[in-house]
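Bear in mind that the values here come from a model prediction, so they are computed numbers and not experimental data. Along the sequence shown, residues carry numbers from 1.
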Amino acid sequence: VAFRLVLPSIVKSYVNRTINEMPGYQGYVDDVDMHLYRGAYVIQGITIEKMNANVPVPFVSIDKLDLSIEWSALFHGALVGEIEFVHPKINFVQGPSKKESQSGENGNFTQTIKKLFPMRINRFDVTRGEVHFRNFHSDPKVDIYIDSIFVHAKNLTNSEHLSKSLVASIDASGKAMGWGALKSHLDIDPYAQRPTFNLDFQLAEVPLTRLNNFFKAYVLVDVESGTLEVTSEMAASEGAFRGYVKPLFKDMKILNIKEDVKNPLKLVWETIVEGVTKLFQNRSTDKVGTRIALSGTFDDPNTDILSILGGLLQNAFIKALQPGLEGTISLKPPPRK
């Protein structure tokens, strides 16, 4: 009984020590709850910050992290674990210097999870997650985010013995800027020596006005109306990958004569940008877009700039790009020319 009473304090001390062993990062937890009846413990209030940095937000914060044995996998003869992240938030920050930026590089977060729960993880879930890209030094300040993220990953250790490859699947959904619906599905072999996966990704109708701080800071324009949708397919095997990213801007309007006439330089610049936008806009669909083909190896990726321009011209003058997934990408290598 005495050991059970002091166990949460012992585990909390171990968790705090483990988090602070990450290179370049420091952190702490608020509390630890033990659930011995289900082989689990729950970490409450995790905060991880970049050391010696001038960044006003932590890199990672998690309301609750539940680490437990996955009892359902025992029916398949496997002793593995599962993890649930409740309201995790990740903040990527761009600043004028490394001290004022944070990207998570060299953090070795996977190794930290293994130390906290030294059991093979077969399943993980994310509930109400958030990912932010921030710039506190731009004018205006930028905060591009995806929230309401739900992720379900299963069979990461192939405990169900489903196949010899692509044994794991990860489904994710969320909302971009609190509005645009995001959905993705990933089949992956987590034990392949080289990345082996098949990815489908869709982002539907994000109002461009919600991205205005980004446009003002990086493009020096503000958008009056329009939506953005992005679809992508990607497949990789044997060290090579192929796929595409297809961004489409619909009903995009930049110029506002009544407001922009007050600033002649802004008026001239936005007139040029809107003119270029109209030039590449398909007349029947009112969409500007292109299909960016991606291919190569992970050591030598290749993106053809001419194909991007060709996609713009094709959408504008030849044939409108169709929204949605094409179903043209698979793990099979492309035919040799």
Side-chain angles (χ1 to χ4, degrees), residues 24-28 45-63 85 87-107 109 126 128-149 172 174-182 201 203-230 245 247 249-274 276-277 288:
Y25 291 84
Q26 61 187 5
Y28 58 88
I46 302 175
T47 301
I48 299 175
E49 302 170 325
K50 185 179 178 181
M51 294 177 62
N52 304 317
N54 185 18
V55 180
V57 291
F59 178 61
V60 175
S61 63
I62 306 172
D63 283 1
F85 299 83
H87 195 200
K89 180 187 287 187
I90 303 176
N91 292 293
F92 296 99
V93 179
Q94 182 184 44
S97 67
K98 284 188 175 182
K99 188 175 182 180
E100 295 162 312
S101 306
Q102 63 184 17
S103 62
E105 60 180 353
N106 304 323
F109 298 99
V126 174
R128 295 186 294 112
E130 297 181 38
V131 177
H132 293 251
F133 168 78
R134 302 177 186 267
N135 190 334
F136 296 98
H137 300 272
S138 60
D139 184 20
K141 295 179 181 179
V142 171
D143 181 13
I144 303 296
Y145 62 88
I146 300 173
D147 62 359
S148 301
I149 298 173
K175 290 186 177 180
M177 305 302 292
W179 187 271
L182 178 151
F201 174 90
L203 176 62
E205 297 191 346
V206 181
L208 293 176
T209 53
R210 292 176 177 261
L211 302 173
N212 257 336
N213 281 357
F214 176 86
F215 289 130
K216 290 176 183 177
Y218 290 94
V219 193
L220 302 180
V221 300
D222 56 342
V223 179
E224 297 299 320
S225 63
T227 59
L228 166 67
E229 58 183 277
V230 181
V245 177
F249 297 86
K250 183 178 180 181
D251 300 324
M252 186 175 180
K253 182 181 178 183
I254 297 173
L255 200 60
N256 185 334
I257 299 296
K258 291 182 179 180
E259 293 295 327
D260 296 338
V261 73
K262 302 174 185 178
N263 187 334
L265 291 178
K266 182 182 178 184
L267 176 63
V268 171
W269 173 241
E270 290 196 348
T271 301
I272 294 173
V273 175
E274 175 133 328
V276 173
T277 301
V288 178

[X]: salt bridge (charged side-chain N to carboxylate O under 4.0 Å, His left out) partners, not counting sequence neighbours:
X      : result
Glu205 : none
Arg134 : Asp143
Asp63  : none

Can you give me the closest heavy-atom contact between [X] and [Y], atom names plus distance?
X      : Y      : answer
Phe215 : Leu208 : CE1-O, 3.8 Å
Gly180 : Leu203 : O-CD1, 4.0 Å
Leu228 : Leu211 : CD2-CD1, 4.4 Å
Glu100 : Val93  : O-CG1, 3.7 Å
Val142 : Ala217 : CG2-CB, 3.7 Å
Val245 : Pro247 : O-CD, 3.5 Å

Just how far is it from atom [atom1] of [X] to atom [atom2] of [Y], taken to the nearest 0.5 Å?
X      : Y      : atom1 : atom2 : value
Ile146 : Met177 : CD1   : CE    : 10.0 Å
Trp179 : Thr209 : CH2   : OG1   : 9.5 Å
Asn135 : Asn213 : CG    : CG    : 11.0 Å
Met252 : Thr227 : CE    : OG1   : 10.5 Å

*Looking at residues at least two apart in the chain, or sitting in another chain, which of them share a ring pair (Phe, Tyr, Trp, His ring centres under 6.0 Å) with Tyr145?*
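Partners of Tyr145 under the ring pair (Phe, Tyr, Trp, His ring centres under 6.0 Å) test: His132.
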*Classify the ring geometry between Phe133 and Tyr218 as parallel (under 30°), tilted (30 to 60°) or perpendicular (over 60°).*
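Tilted: the ring planes of Phe133 and Tyr218 meet at 30° to 60°.
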_Strictly distance-based, threshold 3.5 Å: is any side-chain N or O of Asn91 a donor or acceptor partner for the main-chain N or O of Pro58?_
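Flag set: sc Asn91 to bb Pro58 pair under 3.5 Å.
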*Does Asp147 use its side chain to pair, donor to acceptor, with the backbone of Glu130 at less than 3.5 Å?*
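It does not hold such a pair.
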*Go through the structure and list residues passing side chain to side chain contact (heavy atoms under 4.5 Å, CB included) with Pro56, not counting sequence neighbours.*
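Residues passing side chain to side chain contact (heavy atoms under 4.5 Å, CB included) with Pro56: Phe136.
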*asked:* Hydrogens and angles aside, do Gln94 and His137 bring a side-chain donor and acceptor to less than 3.5 Å of each other?
replied: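 Side chains of Gln94 and His137: no pair found under 3.5 Å.
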*Phe92 versus Val131: any side-chain heavy-atom pair under 4.5 Å?*
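Yes, close enough: below the 4.5 Å cut-off.
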Going by atom type alone, with no hydrogens or angles, which donor-acceptor pairs under 3.5 Å involve a side-chain atom of residues 46-53 and a protein atom two or more places apart or on another chain?
{"unit_1": "Lys50", "atom_1": "NZ", "unit_2": "Lys98", "atom_2": "O", "d": "2.8"}
{"unit_1": "Lys50", "atom_1": "NZ", "unit_2": "Ser101", "atom_2": "O", "d": "2.7"}

